[in-house]
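By convention here, the first residue in the shown sequence is residue 1.
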Amino acid sequence: MHRHTARTDSGRHPNRPQAFTAGPVPPMFWAAGGMISTAGDLNRFFGALLGGRILPPDRQRDMFTTVPTRDWISDAAYGLGVSSVRLPCGETVWGMGGALFGSWSYAYGARDGRQMVTTNVNGDWSDGGWDDPIGIFTDLLEAITSPRP
C-alpha cells in the first residue's frame with residue numbers, strides 16, 4: 001500500500017508549486033491511506049454500500065450491527081467497516097472517515113445511501129479552525145441533514 005498526497009513546498013501556500021508525495025503506509029496504520037480515490041468515488045461507493053447494492057442482505061445486516069465507541073466521536077457506534085454517528089440535531093448518519101498525515105476523508109449519509117456527503121481535505125492548505133476536521137464535517141452533515149424549519 002502506498003499513500004499519495006498533494007503538498008505545497010511550504011505546506012500553507014496553495015499558490016506555490018505542488019509536490020506529489022508517495023510512499024509506503026507505515027505498518028502501524030494498516031490500510032489507512034492505502035486507497036486512492038476522489039470524493040466522488042467515495043460518495044458513489046458508500047452510497048452503493050449503504051444502499052445494499054454491494055453486499056448480500058445477511059452481510060449488510062452484519063455490517064450495520066454496531067457497538068458504542070469510547071474515546072472517539074461523540075454519539076458514535078462502530079460496525080464492520082462503517083460507523084454511525086448521531087448528530088446534535090438527532091439525525092443518525094452512516095459511513096466512515098479518517099485522517100492520516102494531514103489528509104482527511106469522510107463519507108457519511110443516510111442509512112439507505114440515497115443522501116451522502118463526502119469530503120477530502122488537504123490539511124496542509126488549511127488555516128484557522130481546521131484543527132478539528134470531525135467537528136467541521138459534523139457541522140456540515142448537520143446543516144445538510146437537519147429538517148428545515
Partner set under side-chain contact (heavy atoms from CB on, under 4.5 Å) for A76, not counting sequence neighbours: T69, W72, I73, V85
Heavy-atom pair of closest approach, residues T92 and S84: CG2-CB, 3.9 Å
Summary of salt bridge (charged side-chain N to carboxylate O under 4.0 Å, His left out) pairs that have at least one residue in residues 80-90, sequence neighbours excluded: D75-R86
Set of residues satisfying salt bridge (Lys or Arg N to Asp or Glu O under 4.0 Å) with respect to R111, sequence neighbours excluded: none
With sequence neighbours excluded, residues passing side-chain contact (heavy atoms from CB on, under 4.5 Å) with L55: L49, R59, Q60, M63
Any donor-acceptor N/O pair, T65 side chain to R61 backbone, under 3.5 Å: yes
Any donor-acceptor pair under 3.5 Å from E142 side chain to C89 backbone: yes
side-chain contact (heavy atoms from CB on, under 4.5 Å) involving P68 - partner list, sequence neighbours excluded: none
Side-chain touch L87/V93, heavy atoms, less than 4.5 angstrom: yes
D139: partners by side-chain contact (heavy atoms from CB on, under 4.5 Å), with sequence neighbours left out: none
Within 6.0 angstrom of R114 CZ, more than 12 heavy atoms from elsewhere: no
Minimum side-chain heavy-atom gap Q115-Y108 below 4.5 Å: no
is_close_aromatic(F46, W94), centroid dist under 6.0 Å: no
